[in-house]
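Computed from heavy atoms alone, side chains included, the values below leave out hydrogens, waters and symmetry copies. For this chain, numbers begin at 1 and follow the sequence in order.
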Amino acid sequence: MEAGTGLTAQAGEFIAATPSEAIPAMAHAVARQGIIDCVGVLIAGAQEPGPGIVARLVQDHSGPDAAPLIPSGRRVSALDAALVNGTAAHVLDYDDVGLNAHPSTVLVPALLAQGWSLGSTGRELLDAYVIGYEVWAWLSALEPGALHDRGFHPTAVTGTLAAAAACARLKRLAPREATMALAISTSLASGTVANFGSMTKSFHAGRAAQNGVLSARLAAEGFTATIDALEHRSGWLNAHSPTGRAVLKQDEPELGRIWRLPQTGLHLKRYPVCYGTHRAIDGALDLVARHAIRPEEVASVHVHTGEMQMLMLRNMRPQTGLEAKFSMPFAMAAALIVRRVGLDELKDVFVTRVDVQDLMTKVRCSTTPLRDPTWDVDYAPFDQVTITLNSGQVLEGAKVTRPRGSWQQPMNRDELRTKFMDCAQRQLSEAQASRLFDQLWGLESLGCTRELALLT
């Protein structure tokens with residue numbers, strides 16, 4: 001097969017030939033935050049029923065390419081480790097957001113599985129994360145529309161290609177092999193928004209991570225795909241384009257010339273629910289704190305938000321914790337009743353409480369089709385919460401444009417550590433969780449992935 005000069009080949013060259021020293025220091029710093037946050041959330045999520053079901057269906061493996069399920073330490077193939085750990089990382093919906101998707105929940109499980117089997121260094125993990133993110137961001141920029149509009153879950157669809165790029169980098173594939181890995185992955189990308197609020201949404205992330213590992217391994221063995229799988233008239237870009245106007249040619253390659261991770265960063269979640277609720281939760285909590293609102297005083301709650309957000313927030317009367325993650329009425333009820341939206345609130349027993357179910361009936365939403373062109377999350381320009389009390393008093397909240405924890409209002413090291421420890425200590429001791437955080441914070445100096453204190 002002849003070498004190409006199109007988009008797929010440009011990406012393969014970027015993946016394989018970009019020197020580590022060419023990667024901006026800020027990109028490494030953001031990647032480290034994403035890895036830390038994802039590992040903590042993964043450990044907490046591993047005890048959920050969904051990942052448990054997936055884990056029961058994979059086989060033990062003791063070969064040289066084995067990798068562990070985190071944090072149990074059970075050895076399976078690297079492919080299956082990426083699948084199970086990726087599902088665990090996304091099941092709580094507490095993982096980071098970026099590029100209108102969830103980058104780390106795909107990239108980190110894929111790289112930990114592949115890196116464990118290869119004995120990769122911490123610096124190699126960071127490099128591969130950045131390469132995967134940059135391919136993801138570049139692909140997103142080639143399409144002016146939003147995959148959600150067509151029913152595709154970007155975490156699953158674009159994430160599969162990004163994971164393939166990251167794993168190809170970690171395996172040190174040559175440009176042609178890296179191109180093949182990316183091209184192979186274009187035929188493995190799938191996932192529908194209709195499955196939000198079920199176990200299958202987190203399975204999207206696990207499958208994308210697994211397919212990234214698989215694509216790179218197939219390419220390394222000489223498996224072939226087409227050199228123009230991205231840009232061909234019947235290729236990945238056109239097949240998934242909601243607008244039919246995807247960019248199919250770039251005479252001057254952007255990858256390696258424009259670095260997007262230092263610009264767009266990652267948005268770390270403060271609440272374990274769909275990111276579409278976070279600005280409204282911030283607004284509701286501010287109102288509750290400022291006016292000392294008691295839930296029994298509330299007559300109605302109005303949330304102004306975006307059409308795109310409500311497309312994902314499909315559950316108006318959730319009955320389970322999974323359903324509640326995609327419910328604006330639940331987010332408002334939790335914020336007003338217990339003044340927080342945390343892991344303990346995302347349990348069935350809390351969701352079905354009479355007072356929670358009753359307050360959800362008082363929440364209504366209005367939407368706008370407008371979207372914020374200055375943000376990499378395809379949401380409305382702002383969210384706003386207005387609460388009317390039984391007395392008739394109307395309390396109008398501020399217009400919230402960026403939630404706390406976003407790249408524009410980032411967590412500091414202490415806040416990141418607090419979230420990590422809360423998640424990790426659900427399965428690890430305090431001492432082990434603290435050691436693991438410190439290892440991840442100093443990932444650049446880690447000699448081997450297998451040194452990480454990931455396992456119980």
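Taking CG of Asn238 as the start and NE2 of His232 as the end, the distance is 10.0 Å to the nearest 0.5 Å. Taking OG from Ser117 and CZ from Arg450, the interatomic distance works out to 7.5 Å, rounded to the nearest 0.5 Å. With rounding to the nearest 0.5 Å, the separation of CG in Asp65 from OG in Ser77 is 6.5 Å. One finds the CG atom of Asn100 at 8.0 Å from the OG atom of Ser140 (value rounded to the nearest 0.5 Å). Taken from CD1 in Ile36 to CE in Met411, the straight-line distance is 12.0 Å, to the nearest 0.5 Å. Here the straight-line distance linking atom CG of Leu182 with atom CD of Glu177 works out to 14.0 Å at 0.5 Å rounding.
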Going through the checks in order, is the salt bridge (charged side-chain N to carboxylate O under 4.0 Å, His left out) test met by Arg413 and Asp438?
-> CA-CA 11 Å; Arg413 184 182 188 275; Asp438 290 340; 3.8 Å; yes
Quick one: do Asp372 and Arg279 satisfy salt bridge (charged side-chain N to carboxylate O under 4.0 Å, His left out)? Show the steps, please.
-> CA-CA 13 Å; Asp372 186 346; Arg279 295 187 299 185; 5.3 Å; no
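Two residues are said to be in side-chain contact when any heavy atoms from C-beta on lie closer than 4.5 Å; Met199 and Thr87 fail this criterion.
Gln10 and Trp138 share no side-chain donor-acceptor pair at under 3.5 Å. When only modelled atom types and interatomic distance are considered, Ser406 and Tyr275 share no side-chain donor-acceptor pair under 3.5 Å. Of the N and O atoms on the side chains of Asn211 and Thr160, not one donor lies less than 3.5 Å from an acceptor on the other residue. Defined by atom type and a distance below 3.5 Å, a donor-acceptor pair is missing between the side-chain atoms of Arg150 and Ser241.
Looking at Thr192, its side chain never comes within 3.5 Å of a backbone N or O of Gly151 through a donor-acceptor pair. Under the 3.5 Å distance criterion, the side-chain polar atoms of Gln425 are left unmatched by any main-chain donor or acceptor of Ala433. When atom types are taken as modelled, the side chain of Lys419 and the backbone of Arg270 share no donor-acceptor pair closer than 3.5 angstrom. With Trp407 contributing its side chain and Gln263 its backbone, the two residues share a donor-acceptor pair below 3.5 Å. No donor-acceptor distance shorter than 3.5 angstrom exists from the side chain of Gln210 to the backbone of Leu83, with no hydrogens or angles considered. Put simply, the side chain of Thr449 gets close to the backbone of Ser120: a donor and an acceptor are under 3.5 Å apart. With hydrogens and angles ignored, the 3.5 Å screen pairs no side-chain donor or acceptor of Glu221 with any backbone N or O of Leu218.
His240 and Trp236 have tilted rings, their planes meeting at an angle from 30° to 60° on a 0 to 90° scale. Between Tyr379 and Trp375, the angle of the ring planes goes over 60°, which puts this pair in the perpendicular group of the 30/60° scheme.
Under the 6.0 Å cut-off for aromatic ring centres, Phe14 and Trp259 qualify, their centroids lying closer than that. Between Phe196 and His153, the ring centre distance stays below 6.0 Å.
When each of Asp96, Asp93, Asp282, Asp95 is checked for a salt bridge (Lys or Arg N to Asp or Glu O under 4.0 Å) with Lys269, only Asp93 meets the rule. The residue from Lys171, Arg169, Arg172 that alone fulfils the salt bridge (Lys or Arg N to Asp or Glu O under 4.0 Å) condition with Glu124 is Arg172.
For Ala324, the side chain to side chain contact (heavy atoms under 4.5 Å, CB included) criterion is met by Pro318, Phe330, Leu346, Val351, not counting sequence neighbours.
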